[in-house]
Amino acid sequence: MPELPIDPQHLPSSQSVHLHPVNAQIDLELLEDILRAAYQTALRNRGEFEEMYALGALEAISNTIYLSIYDRGYFRLESTCQEYAAIAIERMEEVTLEARFKSISSKKKIN
């Protein structure tokens, strides 16, 4: 598939973009299952090479589901999405700090 060049001059300005509410049916059970699967995947990959990828996926899925249900009365699921996104971000920060600490420690041992 050929790449499509993106010319910033042909993108609509923020003033010309109009967002309309979507009246789509929401399968709450499916969204909960997807969110649960993303969370369980992140837990299974804890400490593994793929952990950051799984955490990024958890954050993205949490935020996507949150945006799709926001202000529709699904308060429990909204709260869970916010909680899981926060957990993912906090753990990504921990993993990043651990990696930096290991890097600094190994550099000190070499010197």
Original post:
At what distance, to the nearest 0.5 angstrom, does CD of Glu51 lie from CG of Leu43?
Top reply: 9.5 Å

Subject >> side-chain contact (heavy atoms from CB on, under 4.5 Å) partner of Ile61, the single match among Asn63, Thr64, Ile65 >> reply: Ile65

Original post:
Which pair of heavy atoms, one from Ile26 and one from Arg72, lies closest together, and at what distance?
Top reply: CD1-NH1, 3.1 Å

Original post:
Taking only residues two or more places apart in sequence or in another chain, which ones pass side chain to side chain contact (heavy atoms under 4.5 Å, CB included) with Glu90?
Top reply: Ala86

Subject >> Expected output: side-chain Glu78 to main-chain Asp71 donor-acceptor under 3.5 Å >> reply: yes

Original post:
Of all heavy-atom pairs between Ala42 and Ala54, which one has the smallest distance, and what is that distance?
Top reply: CA-CB, 3.8 Å

Subject >> Side-chain hydrophobic cluster, 4.5 Å single linkage: members besides Tyr70 >> reply: Tyr66, Leu67

Subject >> Residues forming a side chain to side chain donor-acceptor pair (under 3.5 Å) with Thr80, sequence neighbours excluded >> reply: none

Subject >> Euclidean distance, Ser62 OG relative to Ile34 CD1, rounded to 0.5 Å >> reply: 11.5 Å

Subject >> Apart from Leu55 itself, residues in the same hydrophobic cluster as defined by side-chain heavy atoms under 4.5 Å >> reply: Met52, Ile89, Met92, Val95

**OP:** For side-chain contact (heavy atoms from CB on, under 4.5 Å), just list the numbers for Leu35 and Leu31, CA-CA rounded to whole Å, side-chain angles, deciding distance to a tenth of an Å, and then say yes or no.
**Re:** CA-CA 6 Å; Leu35 186 60; Leu31 294 177; over 6 Å; no

**OP:** Identify, with sequence neighbours excluded, every residue that meets salt bridge (Lys or Arg N to Asp or Glu O under 4.0 Å) alongside Glu83.
**Re:** none

**OP:** Enumerate the residue pairs fulfilling salt bridge (charged side-chain N to carboxylate O under 4.0 Å, His left out) with a member in residues 54-70, sequence neighbours excluded, ordered by first and then second residue.
**Re:** none

Subject >> Pairs meeting criterion salt bridge (charged side-chain N to carboxylate O under 4.0 Å, His left out) with involvement of residues 25-40, two or more places apart >> reply: Glu32-Arg76, Asp33-Arg36

**OP:** Scan for ring pair (Phe, Tyr, Trp, His ring centres under 6.0 Å) pairs involving residues 36-63, sequence neighbours excluded, and state none if there are none.
**Re:** Tyr39-Tyr84

**OP:** Could you list the residues that satisfy side chain to side chain donor-acceptor pair (under 3.5 Å) with Glu94, not counting sequence neighbours?
**Re:** Arg91

Original post:
Honestly curious: do Leu97 and Phe101 fall in one hydrophobic cluster under the side-chain, below-4.5 Å linking rule?
Top reply: no

